[in-house]
Amino acid sequence: MPPKAKPRVVYWFRTDLRLHDSPALAAALELKPSVLYPIWTWDPHYVYRARVGPNRWKFLLDCQSDLSTSITELNPKSKLFLIREAPQTLFPKLFKEWKITHLVFEKDTDAYARDRDAEVMQIAKDAGVQVIVKMGRTLYDPDALVQHNHGKPTMSMSQVQAAGKQIGDIARPIPAPTSLPDPGETTLSFAQEKPGPEPDINAIQRDGNEASYSSLAGPNGDFAVPTMEELGLKEATTLHRGGETIALDMLSAIIKNESYTATFEKPKTAPTAFSPQATTLLSPHMHFGSLSCREFYWRVQDVVDAYKKAGKHASEPPTSLTGQLLFRDMYFGAQAKLGYAFGQTYGNPQCRFIPWHLPSEIDTATGLITGRYLTDNATAESYFLRWKEGRTGFPWIDALMRQLRLEGWIHHLGRHAVASFLTRGGCYVDWERGAEVFEEWLIDHEAACNIGNWQWLSCTAFFSQFYRVYSPVAFPAKWDKEGAFVRRYVPELARFDKKYIYEPWKAPIADQKAWGCVIRGDGVKSEEGEYRVYPKPMFDFATQREVCIQGLKNAYKVGLHGNDAKVLDGTWRKLFDDEAEGPTEGNDGPPGAMVEHEDADGHEEVEHVAPPTPKKGKGKTGHKREKIQGTLDRLVTRKKAKT
DNA sequence: ATGTGGGTTGGCTTT
DNA sequence: AAAAGCCAACCCACA
């Protein structure tokens, strides 16, 4: 037997942009490598296929820069090597060129990541490269949670806690390495394979030329972290900054405040608080792995234990700080089992079917949503756009949506408020539309958590008390009587009396003028003469709340889930009578709630983006919804006419 | 089996 | 001023 060659290791950073508490990195170092290449591959899935706004891009680049600096501090010859090619095409060439013996990375149970990693592992096997995968992204391995939950997705906290108990203790954090091996030669003599940019879902995030794949090692040939300009991205507007250094400082500051750490109760933190906000703001660091969730867990738990030992009362999961991590694990466990289906209603056995407005288009070949949607109703489309753009006429909702777009982060209860408003407690728009907006704008967007929370708030999974609706007036007033939050993010209302801050349309015209802002229109115009303009509310909330509750009640009674045969083939329409909200018109239709494509039986084809032409009633049912909508429209019109 | 109590985070009225 | 009760009623675990 020839002497075994010393390991030449590629450490592939993905969801773990840190040096502290990385089980995978520790495993790489245990190999005692002769060379270690810390690399990042530029995945076209992220560049072109996922929705990523400039703020999250910026946070990612921050994390990469900080990590690269930290690596160089441990070994001046090393850094984070960014290689601009898809991992699936890069690795076969890279393994050969750099004579790699081992590939090490952290486990990722996201639906796409599983496909990608399976492919990469096969590539490595073919190349004779040994692969080491370690779990470090969640408290528990999501697959283990599923296994200990009788093979089922984790859909409640009690399931997570029961499964976790069986799995055993949560691993203690591993110290950061104190040294790193040299990288080897970094010559790249092979040709770069550029991925096709189509479809490029992120074109709208750029105002310059996208140059991710200009060359393998970047414009200066030094594998450096790109700039926003280089990627052609629009300027980031958030002040939240990424990187492990900042994350660890933030964590230290939090646990230094022992009573805050030990008595934290999420439902009691104010969603209206800003500078400083009421929660930790560590979620984006969890997402990019610039902070380990286990590091967070144990640093907090140690404070809690000491607090209890001193005889003081500490909070408990699920409302405590560590409880927040258990929710995260719950959503990862659900996603781990359900895969792509978790992110959509269609084909999802856990997700209730509700005939929402603006449903997703389904690719019947794959059963997956395409990213486009059916504009079944022009009013709902306008509700959706006004919600997204922060001009609903409800200051609480608009302030949150503007904060979200500007800063990429809003408080958890703020997310509840806008999500409830868009779906079951206001607009009756599909939760998948809202999830897409959050995916685009949140700097802490975590697919599993985002999807799970949207299902929760839309009462399609995890939660079902749909009659508990968040009021855009009463709810914020509970936290912020003065309306400071609204004044900060909706500055046109800054001078309004607190009596009207959440319902400015009720202020007398003379007062509106005295306060420098008149309430009229739909929010497209921001000024009129000498006055600023803030829109009228886009509907009567109490009326719309009732419409939604009745719609949900009816859909619950019908009792379909995303994998029901009737949902898959479109015959669900037969089960929804006049009382239903949503695009239920007619008894026949294509799968899910999608639009007809190839049916030749006289159905009209409907464009996905253009406002729909209201269909004339052909079937015996399906008109009540339009009637409800009509009633609502008339109601708003009448109100407009009066003032 | 049918009932009961709990479910991270509702709103409104009464006590 | 805080807390309890009602609203109209969901699912689920457990007895």
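Computed over heavy atoms, backbone and side chain alike; hydrogens, waters and symmetry mates excluded. Quick note on labels: first sequence line is chain A, next is B, and so on, each numbered from 1.
Both A/Ser158 and A/Phe466 sit near DNA chain C, but only A/Phe466 has its closest nucleotide nearer the 5' end.
Between the side chain of A/Ser464 and the base of C/dC11, no donor-acceptor pair under 3.5 Å is found.
Here A/Thr319 lies in heavy-atom contact (under 4.0 Å) with a base. At a threshold of 4.0 angstrom between heavy atoms, the contacts of A/Glu265 with the nucleic acid are absent.
OP1 or OP2 of C/dC10 has not a single side-chain nitrogen or oxygen of A/Arg424 nearer than 4.0 Å. Taking 4.0 angstrom as the limit, A/Gln465 places none of its side-chain polar atoms (N or O) nearer than this to OP1 or OP2 of C/dA8.
Using atom P as the reference point in both B/dG11 and C/dC11, the two lie 22 Å apart (nearest Å). Here the separation of C/dC6 from B/dT4, taken at their P atoms, is 16 Å to the nearest Å. Here the separation of B/dG6 from C/dA9, taken at their P atoms, is 22 Å to the nearest Å. B/dT8 and C/dA2: their P atoms are spaced 26 Å apart (whole Å). If you take atom P in C/dA13 and the same atom in B/dA1, they sit 15 Å apart, rounded to whole Å. The separation of C/dA4 from B/dG7, taken at their P atoms, amounts to 16 Å, rounded to a whole angstrom.
The side chain of A/Gln159 has C/dA13 as its nearest neighbour among C/dA13, B/dG10, C/dC11.
The two atoms that bring A/Phe462 and A/Ala334 nearest to each other are CZ-CB, 4.1 Å, heavy atoms only.
A salt bridge between A/Arg56 and A/Asp444 is absent, with no side-chain N of the basic residue lying under 4.0 Å from a carboxylate O of the acidic one. Ion pairing between A/Glu446 and A/Arg137 holds under the 4.0 Å rule for side-chain N and carboxylate O.
Following rounding to the nearest Å, A/Arg468 (CZ) and C/dC10 (C1') show an atom-to-atom distance of 10 Å.
Between the side chains of A/Arg299 and A/Ser252, at least one donor N or O sits under 3.5 Å from an acceptor N or O.
Note that A/Lys312 lies in the cation-pi zone of A/Tyr307, set by a 6.0 Å cut-off to the ring centre and a 45° limit from the axis.
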